[in-house]
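Since this is a predicted model, take the numbers as computed values, not measurements.
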Amino acid sequence: MSYRVEKSDDQWRAELDAEQYAVLREAATERPWTGELLDEERAGIYTCAACDAELFKSGTKFDSGCGWPSFYESVRPEAVQLIEDTTLGMVRTEVRCAACGSHLGHVFPDGFGTPTGDRYCMNSIALGFSPEA
């Protein structure tokens, strides 16, 4: 697939630290309860840590108790790319940034009590945050 933001592997390695690279470019997962944005409560926009594309609004974030920032919908349907993931012996839906293809996390249909019923379980390290002015 072609993305709006395309860079070589060497460029991504130069721009991202080792942990960011592992999560964003190699689909690793950060340890739960360790991310800086897990407890972020200010109003603002969550962006892709690799390319700064807008991904989620703070008003859609909720405490799912899973240890990673959770949202019930993306800022726009076309902001994220959803891909079937059959790794680890299970079927899940991977969430990638639609602008650069970076791995963000997974979406699950267990966001009980949310308007959409979805739980976008995102790696904190895969996100940036811009507070409202």
Side-chain angles (χ1 to χ4, degrees):
M1 175 166 186
S2 178
Y3 295 100
R4 184 173 45 85
V5 177
E6 292 198 16
K7 298 180 183 183
S8 71
D9 192 51
D10 288 339
Q11 287 173 305
W12 286 122
R13 285 185 188 278
E15 292 178 19
L16 303 170
D17 68 34
E19 190 176 2
Q20 286 177 312
Y21 183 86
V23 171
L24 290 159
R25 305 309 303 170
E26 298 177 320
T29 301
E30 70 185 352
R31 289 180 300 125
W33 311 106
T34 62
E36 290 183 24
L37 296 175
L38 178 62
D39 296 320
E40 178 61 63
E41 295 181 1
R42 295 176 291 172
I45 296 287
Y46 291 84
T47 59
C48 174
C51 74
D52 294 323
E54 292 186 354
L55 299 171
F56 301 97
K57 293 180 182 178
S58 59
T60 64
K61 187 174 186 231
F62 68 101
D63 182 2
S64 68
C66 70
W68 293 278
S70 297
F71 305 85
Y72 61 79
E73 69 184 354
S74 61
V75 68
R76 294 175 310 286
E78 65 274 10
V80 295
Q81 178 185 22
L82 304 179
I83 300 171
E84 183 178 283
D85 176 1
T86 57
T87 60
L88 304 176
M90 63 181 96
V91 178
R92 304 178 291 174
T93 302
E94 179 186 7
V95 180
R96 291 186 188 174
C97 172
C100 71
S102 289
H103 173 78
L104 304 170
H106 291 86
V107 62
F108 302 96
D110 61 3
F112 306 115
T114 68
T116 63
D118 291 329
R119 174 176 56 98
Y120 285 80
C121 184
M122 303 292 96
N123 288 285
S124 183
I125 199 166
L127 303 174
F129 180 71
S130 296
E132 282 184 7

Smallest heavy-atom separation, W33 atom then L38 atom, equals CE3-CD2, 3.5 Å
Query - Polar side-chain atom of S58 near backbone of G44 as donor-acceptor pair, under 3.5 Å - result: yes
Separation between CH2 (W68) and OG (S124), nearest 0.5 Å, reads 11.5 Å
One should read off an interatomic distance between R31 CZ and T29 OG1, to the nearest 0.5 angstrom, of 12.5 Å
Taken in chain and number order and not counting sequence neighbours, the residues that satisfy side chain to side chain contact (heavy atoms under 4.5 Å, CB included) with D39 are none
Report task. Find out if a path of hydrophobic residues (ILVMFWY) with successive side-chain heavy-atom gaps under 4.5 Å connects V23 to F108. Result -> no
Applying a strict under-4.5 Å side-chain criterion to I, L, V, M, F, W and Y, I'd like to know whether L55 and L37 cluster together. yes
Here the gap from L24 atom CG to E19 atom CD, rounded to the nearest 0.5 Å, amounts to 10.0 Å
Sorted by chain and residue number, the ring pair (Phe, Tyr, Trp, His ring centres under 6.0 Å) partners of F71 (sequence neighbours excluded) come out as Y46, F56
Separation between CE (M122) and OG (S74), nearest 0.5 Å, reads 9.5 Å
The side chain to side chain donor-acceptor pair (under 3.5 Å) partners of E94 (sequence neighbours excluded) come to R96, H103
*Report the C-alpha separation of C66 and R119 in whole Å, then their side-chain angles, then the decisive distance to 0.1 Å, and conclude whether the side chain to side chain contact (heavy atoms under 4.5 Å, CB included) test is met.*
CA-CA 10 Å; C66 70; R119 174 176 56 98; 3.6 Å; yes
Taken to the nearest 0.5 Å, the spacing of L104 CG from I125 CD1 works out to 12.5 Å
Quick one: does C121's side chain get under 4.5 Å of S64's, heavy atoms only?
-> no
Value for OG (S102) from NZ (K7), rounded to nearest 0.5 Å, stands at 9.0 Å
- Query: Can any side-chain N or O of N123 pair as donor or acceptor with the backbone N or O of A126 at less than 3.5 Å?
  - Reply: no
Applying side chain to side chain contact (heavy atoms under 4.5 Å, CB included) to E132 and not counting sequence neighbours gives A43
Checking V91 against E84 for the side chain to side chain contact (heavy atoms under 4.5 Å, CB included) test, could you report, in this order, the C-alpha distance in whole Å, the side-chain angles of both residues, the deciding distance, and whether it holds?
CA-CA 7 Å; V91 178; E84 183 178 283; 4.1 Å; yes
Heavy-atom closest pair (P69 atom, L127 atom, distance to 0.1 Å) is CB-CD1, 4.5 Å
I'd like to know whether T114 forms a side chain to side chain contact (heavy atoms under 4.5 Å, CB included) with F112, so could you lay out the CA-CA distance, the side-chain angles of the two residues, the decisive distance to 0.1 Å, and finally the verdict. CA-CA 6 Å; T114 68; F112 306 115; over 6 Å; no
Checklist entry - Has the side chain of T116 got a donor or acceptor atom that lies under 3.5 Å from a matching backbone atom of Y72? => result yes
Q) Do the side-chain N and O atoms of T34 and E30 include a donor-acceptor pair separated by under 3.5 angstrom? A) no
Quiz prompt | Validation row: C100, E6 side chains within 4.5 angstrom (heavy atoms) | solution = no
Taken in chain and number order and not counting sequence neighbours, the residues that satisfy side chain to side chain contact (heavy atoms under 4.5 Å, CB included) with L82 are V80, T93, V95, V107, Y120
Worksheet item: Does R92 reach the side chain of T87, with side-chain heavy atoms less than 4.5 Å apart?
Response: yes
Between the side chains of S8 and D10, is a donor N or O closer than 3.5 angstrom to an acceptor N or O? no
Any donor-acceptor pair under 3.5 Å from Q20 side chain to D17 backbone: yes
Applying side chain to side chain contact (heavy atoms under 4.5 Å, CB included) to R42 and not counting sequence neighbours gives E40, F129, P131
Heavy-atom side-chain proximity of K61 to S70 below 4.5 angstrom: no
Item checked: Q11 atom CD: more than 12 heavy-atom contacts under 6.0 Å -> yes
